[in-house]
Amino acid sequence: MKIFRIAVIAGDGIGPEVIAEGKRVLQAIAAIDGSFAVEFTDFPWGCEYYLKTGRMMDEDGLEKLKSFDAIYLGAVGYPGVPDNVSLGDLLLKIRRGFDEYINLRPVKLLAGAPCPLKDVNREDIDMMVVRENSEGEYANVGARLYPGTPQEVALQTGVFSRKGCERVIRYAYELARKEDRTLTSISKGNALGFSMVFWDEIFAEVGQEYPDVKTQKFLVDAASMFFVKDPKRFQVVVTSNLFGDILTDLGAAIAGGMGLAAGANLNPERKFPSMFEPIHGSAPDIAGKGLANPLASIWSVSQMLDFFGQPEWGAKVIAAIETLLVEKKTLTPDLGGLAKTKDIAPAILEILKRK
Ligand code: NAD
Ligand code: IPM
Ligand code: MN
């Protein structure tokens, strides 16, 4: 029997609360299916670990993670540890170290999910944002000069390589072709005359190999406006690291909230493990109270099942989330319910077991 070995980094704040629910769902699915098993290995890394040891993860952390089939991550970052340290030394270190250059973030309004936009049908919000996840504005190349003096200077350079742009843009074209959907590139060539002009050129170049894929391009400011005013314009979307980060929180807001937004950090070549996570953070404002919505982390279990070659289960998990949302009996407070975080996995499993 195939055993999928999963490294779990529950992390900080609501991370452990939401990950516990996702683990219960995945474990139960494996038991129901019977043709595969899952084996979790928990790593205690995160901000508490940092306060005890001075490190966000072990020095040989990537080496420890390397042989797993996937990584399941909750959230990283908590008051008391500077965010650039906590994220730079754990989450971003894994994304970069394992060359997880594709970040797949569905922005899809599920049946029963609340939408703050008026005059929008459910089918109008159904995108897949393909976010560049290894370089761009997140390359973290820069310097601080003359610290603490009036002449102090901070430099932060974007890194847009031909290889880096081409591979994410090509991935998005392939996805659009496979699904027979339009592809939209979101950039900002009118102001970022080097990096984004380069991006736009590569989008056009690669596009010559995909004459069958219908494309459009928007500047990121206009795209943000259209996400709200006319989201049906977008199907497959490809964009840079920072723009993808911002646009997918906006996407979450129009598609049910942060408690419903999942993301897969993929190394498509499978040379390294890919990582699955809700896109929200550690939510210090609600941590430890059982108020967190674990549906985003359960949605990322669905993405993991797709990645493991179990797309029927991936689809069943999404369908179960929809049933839960439509029935409205077991929802956390962010969705207007009274349920606790730990009530959600049992409710999802009850739905999955219905005939
Ligand atoms: P956040 O996503 O943690 O919270 C933003 C708002 O959304 C809060 O009001 C929070 O209560 C709410 N929210 C988020 N997830 C929710 C859920 N599952 N259920 C119900 N409500 C939810 O963003 P933030 O406050 O900007 O960041 C907090 C910390 O998390 C920071 O340290 C930040 O750097 C970090 N962060 C980590 C990740 C990650 O690990 N992937 C992502 C984003 C932010
Ligand atoms: C996300 C997060 C991260 C990002 C942070 C925590 C570094 O906001 O996954 O969306 O910006 O990529
Ligand atoms: Mn983000």
Side-chain angles (χ1 to χ4, degrees), residues 8-22 45-48 50 56-57 71-96 100-107 113-114 129 131-140 239-253 255-266 275-300 303 321 325 331-345:
V8 180
I9 305 171
D12 304 315
I14 62 171
E17 301 172 55
V18 297
I19 287 298
E21 297 306 289
W45 301 332
C47 288
E48 269 179 43
Y50 178 88
M56 286 299 294
M57 74 193 301
I71 301 164
Y72 189 36
L73 183 133
V76 179
Y78 217 69
V81 181
D83 268 347
N84 64 315
V85 172
S86 57
L87 277 312
D89 290 352
L90 185 50
L91 177 73
L92 297 176
K93 190 168 169 182
I94 295 171
R95 285 184 188 162
R96 283 198 281 258
E100 293 168 347
Y101 62 89
I102 299 296
N103 194 188
L104 275 190
R105 296 190 160 189
V107 175
V129 178
R131 171 192 180 191
E132 203 293 318
N133 210 33
S134 64
E135 54 169 36
E137 309 87 342
Y138 277 47
N140 213 26
T239 191
S240 70
N241 210 332
L242 179 63
F243 293 173
D245 174 47
I246 299 168
L247 285 168
T248 51
D249 264 34
L250 179 56
M258 291 310 289
L260 269 166
N265 305 269
L266 302 179
M275 178 164 65
F276 301 82
E277 53 166 347
I279 79 165
H280 61 71
S282 61
D285 52 343
I286 57 167
K289 298 182 183 150
L291 297 174
N293 183 352
L295 289 175
S297 57
I298 292 172
W299 193 323
S300 50
Q303 291 188 302
I321 295 175
L325 291 168
L331 296 177
T332 45
D334 57 309
L335 295 175
L338 293 169
K340 293 289 193 184
T341 310
K342 65 173 174 35
D343 301 330
I344 303 301

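Start at 1 with the first residue, then count along the sequence. For ligands, and for the atoms within them, numbers begin at 1 and follow the listed sequence.
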If hydrogens are left out, which of Arg95, His280, Met275 has an atom nearest to atom 14 (C) of ligand 1, that is, the closest non-hydrogen atom?
-> His280
Tell me which part of Ala296 gets within contact of ligand 1: side chain, backbone, both or neither, using heavy atoms under 4.0 Å.
-> neither
Which atoms form the tightest heavy-atom contact between Ala255 and Val107, and what is the distance?
-> CB-CG1, 4.2 Å
Report, in ascending order of atom number, the atoms of ligand 1 lying under 4.0 Å from any heavy atom of Ile14.
-> 15 (N), 16 (C), 17 (C), 18 (N)
Below 2.8 Å, any N, O or S contact between Asp245 and the Mn ion (ligand 3)?
-> yes
Measuring to protein heavy atoms, does anything land under 4.0 Å from atom 27 (O) of ligand 1?
-> no
Starting from atom 8 (O) of ligand 2, locate the nearest protein heavy atom and write down its residue, its atom name and how far away it is, to 0.1 Å.
-> Asp245 OD1, 3.2 Å
Could a heavy atom of Glu137 be found less than 4.0 Å from some atom of ligand 2?
-> no
Looking only at protein heavy atoms, which one is nearest to atom 11 (O) of ligand 2, and how far off is it?
-> Tyr138 OH, 2.5 Å
Got the closest protein heavy atom to atom 18 (N) of ligand 1, with its distance?
-> Asn293 O, 2.9 Å
Heteroatom proximity flag, Gly281 to ligand 1, N/O under 3.5 Å | yes
Phe276 six-ring centre to Arg105 NZ/CZ under 6.0 Å and within 45° of normal | no
Protein heavy atoms: any of them under 4.0 Å from atom 31 (C) of ligand 1?
-> yes
Region of Ile286 engaging ligand 1 - heavy atom pairs below 4.0 Å = side chain
Would Glu277 and Ser297 count as having a side-chain donor-acceptor pair, cut-off 3.5 Å?
-> no
Counting only N and O atoms by type, is there a donor-acceptor contact under 3.5 Å from the side chain of Asn241 to the main-chain atoms of Glu137?
-> no
Indicate the atoms forming the closest heavy-atom contact of Met258 with Ala296, along with that distance.
-> O-CB, 4.0 Å
Under 3.5 Å, is there a donor-acceptor pair between the Tyr101 and Asn265 side chains?
-> no
Distance-only N or O hit between ligand 1 and Ala75, under 3.5 Å | no
Salt-bridge present (Glu21, Lys340; N to O < 4.0 Å) = no
All heavy atoms of Ile279 vs all of Thr248, minimum pair found to be CD1-O, 3.6 Å
So which protein heavy atom does atom 5 (C) of ligand 1 come closest to, and at what separation?
-> Met258 CG, 4.9 Å
Counting each atom of ligand 1 from 1 as listed, which ones have a heavy atom of Ala292 under 4.0 Å away?
-> 19 (N)
Would you say Glu277 has any N or O atom under 3.5 Å from an N or O of ligand 1, going by distance alone?
-> yes
May I ask you to list the atoms of ligand 1 that are less than 4.0 angstrom from any heavy atom of Gly259?
-> 17 (C), 18 (N)
Specify the protein heavy atom at minimum distance from atom 35 (C) of ligand 1: its residue, its atom name, and the distance to 0.1 Å.
-> Val76 O, 3.2 Å
Is there a side-chain contact between Thr239 and Glu132 (heavy atoms, below 4.5 Å)?
-> no
Begin with the C-alpha distance, continue with both residues' side-chain angles, and end with the deciding distance and a verdict on side chain to side chain contact (heavy atoms under 4.5 Å, CB included) for Leu266 and Met275.
-> CA-CA 7 Å; Leu266 302 179; Met275 178 164 65; over 6 Å; no
Run the side chain to side chain contact (heavy atoms under 4.5 Å, CB included) check on Tyr72 and Ile9 step by step: do they pass?
-> CA-CA 6 Å; Tyr72 189 36; Ile9 305 171; over 6 Å; no
Smallest separation among heavy atoms of Gly256 and Leu335, with atom names | O-CD2, 3.5 Å
Heavy-atom nearest neighbour in the protein, as seen from atom 3 (O) of ligand 1, with distance rounded to 0.1 Å | Ala283 N, 2.8 Å
Within the structure, does at least one protein heavy atom fall under 4.0 Å of atom 1 (P) of ligand 1?
-> yes
For Pro284, atoms of ligand 1 separated by under 4.0 Å from a heavy atom = 28 (C)
Separation of Leu91 CG from Glu100 CD (nearest 0.5 Å) = 8.5 Å
Looking at ligand 2, does His280 have a heavy atom less than 4.0 Å from it?
-> no
Are any of the heavy atoms in Leu295 under 4.0 Å away from ligand 1?
-> no
Under the 3.5 angstrom rule, does the side chain of Asn103 hit a backbone N or O of Asn133 as a donor-acceptor pair?
-> no
Closest heavy-atom pair and its distance - Gly74, Pro278 = O-CG, 3.6 Å
Is the backbone N or O of Tyr50 less than 3.5 Å from a side-chain atom of Glu48, with the two atoms forming a donor-acceptor pair by type?
-> no
Got an N/O contact under 3.5 Å between Asp83 and ligand 1?
-> yes
Which pair of heavy atoms, one from Gly77 and one from Ser282, lies closest together, and at what distance?
-> O-OG, 2.6 Å
For Leu87, take its heavy atoms, then give the atoms of ligand 1 lying under 4.0 Å from any of them.
-> 34 (O)
Heavy-atom proximity to atom 8 (C) of ligand 1, picking from Asp285, Leu291, Asn84, points to Asp285
Would you mind checking which non-hydrogen protein atom is closest to atom 1 (C) of ligand 2, with the distance to 0.1 Å?
-> Arg105 NH2, 3.3 Å
Gly77 neighbourhood, listing ligand 1 atoms whose heavy-atom distance to it stays under 4.0 Å | 32 (O)
Test item: protein heavy atom less than 4.0 Å from atom 12 (C) of ligand 1 | no
Given the options Leu87, Val85, Val81, Asp83 meets side chain to side chain contact (heavy atoms under 4.5 Å, CB included) only with Leu87
At what distance is the nearest protein heavy atom to atom 29 (C) of ligand 1, and which residue and atom is it?
-> Ser282 OG, 3.3 Å
Nearest non-hydrogen protein atom to atom 7 (C) of ligand 2, with distance, is Leu87 CG, 3.8 Å
Note: ligand 2 atoms sitting under 4.0 Å from heavy atoms of Arg95 are 1 (C), 4 (C), 9 (O), 12 (O)
